[in-house]
Amino acid sequence: QVQLVESGGGLVQAGGSLRLSCAASGVLFSSVGMAWFRQAPGKERVFVACVSWNGGTTDYADSVKGRFTISRDNPKNTVYLQMSSLIPEDTAVYYCAADRRLLRACSRSFTVSDFGFWGQGTQVTVSS
């Protein structure tokens, strides 16, 4: 049974930082790409960042490039999203996701349908 459990969300002032974590179990973590998506109220779930199975490739949505950093620790089965210079527009529920396919490089062109497993989400609220 695959489980992805996010943590680290919360309320932060604009300009602040947060680090999200996603702990995975029941999946061949070291062989699958991982990603973060986010969903604001009344909007679609959209791609934020991804990292390939071995950490060799990362990609970001334009809206977060230069402010967010995705990384992974394969021995710990954990993927992280370091978020800095947060703005109110970053307010959303953030979801961790695991690629449907093994050993694939990641791309910002990936959509929700490219990912087969999802966490329950963690709320990030940025106040102005």
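Not measured: the values here are computed from a predicted model.
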Legend entry - Atom pair OG (S30) and CG (D73), whose distance is rounded to the nearest 0.5 Å: 11.5 Å

Legend entry - Validation row: V12, T125 side chains within 4.5 angstrom (heavy atoms): no

Legend entry - Any D99 side-chain heavy atom under 4.5 Å of F110 side chain: yes

Legend entry - Atom of S17, atom of S85 and distance for their closest heavy-atom approach: OG-N, 4.4 Å

Inset, instruction - Using a cut-off of 6.0 Å, state whether more than 12 heavy atoms not belonging to R101 lie near its atom CZ. - result: no

Inset, instruction - Determine whether the aromatic ring centres of Y60 and F47 lie less than 6.0 Å apart. - result: no

Legend entry - Shortest non-hydrogen separation from C106 to S52 and the atoms involved: SG-N, 3.9 Å

Inset, instruction - Please say whether the positively charged group of R38, taken as NZ for Lys or CZ for Arg, lies over the ring of Y95, i.e. under 6.0 angstrom from the six-membered ring centre and within 45 degrees of the axis. - result: no

Legend entry - Check: F117 and Q3 side chains under 4.5 Å, non-hydrogen atoms: no

Inset, instruction - Please say which of L81, V51, V27 ends up in a side chain to side chain contact (heavy atoms under 4.5 Å, CB included) with M34. - result: V51

Legend entry - Shared hydrophobic cluster, F115 / Y80 (ILVMFWY, side-chain heavy atoms < 4.5 Å): no

Inset, instruction - Enter the distance from T78:OG1 to L20:CG here, rounded to the nearest 0.5 Å. - result: 12.5 Å

Legend entry - Non-hydrogen side-chain atoms of Q120 and L4 separated by less than 4.5 Å: no

Inset, instruction - Working to the nearest 0.5 Å, report the span between OG of S31 and CG of L102. - result: 5.5 Å

Inset, instruction - Compare every heavy atom of G121 with every heavy atom of V93, then report the nearest pair and how far apart it is. - result: CG1-CA, 3.8 Å

Legend entry - Side chain proximity check, F29 to R72, heavy atoms < 4.5 angstrom: yes

Inset, instruction - Could you grab the distance from atom CE of M83 to atom CZ of R67, nearest 0.5 Å is fine? - result: 9.5 Å

Legend entry - Whether Y94 and F68 hold their rings parallel, tilted or perpendicular, with breakpoints at 30° and 60°: tilted

Inset, instruction - Decide yes or no for D114 and R104: does some side-chain heavy atom of the first lie under 4.5 Å from some side-chain heavy atom of the second? - result: yes

Inset, instruction - Determine, using the 4.5 Å side-chain heavy-atom cutoff (strictly less than), whether V2 and V32 are members of one ILVMFWY cluster. - result: yes

Inset, instruction - Treating Ile, Leu, Val, Met, Phe, Trp and Tyr as nodes and any side-chain heavy-atom pair under 4.5 angstrom as an edge, say whether L86 and V48 lie in one connected cluster. - result: yes

Inset, instruction - Ignoring hydrogens and angles, state whether a donor on the side chain of T91 or E89 is under 3.5 Å from an acceptor on the partner side chain. - result: no

Inset, instruction - Find the distance between OG (S127) and CD (Q13) and round it off to the nearest 0.5 Å. - result: 5.0 Å

Legend entry - K65 NZ to D59 CG distance, which is reported to the nearest 0.5 Å: 6.0 Å

Legend entry - side chain to side chain contact (heavy atoms under 4.5 Å, CB included) between S71 and Q82, worked out: CA-CA 8 Å; S71 61; Q82 177 67 49; over 6 Å; no

Legend entry - Contact check, side chains of V79 and C96, non-hydrogen atoms, under 4.5 Å: yes

Inset, instruction - List the atom of A14, the atom of P88, and the distance in Å for their closest heavy-atom pair. - result: CB-CD, 4.2 Å

Legend entry - 4.5 Å side-chain heavy-atom contact, T58 and T69: no

Inset, instruction - Is it possible for you to say whether V64 and I70 belong to one hydrophobic cluster, with membership spreading through side-chain heavy-atom contacts below 4.5 Å? - result: yes

Inset, instruction - State yes or no: do L28 and W53 share one hydrophobic cluster built from I, L, V, M, F, W and Y residues joined by side-chain heavy-atom distances below 4.5 Å, directly or via other members? - result: no

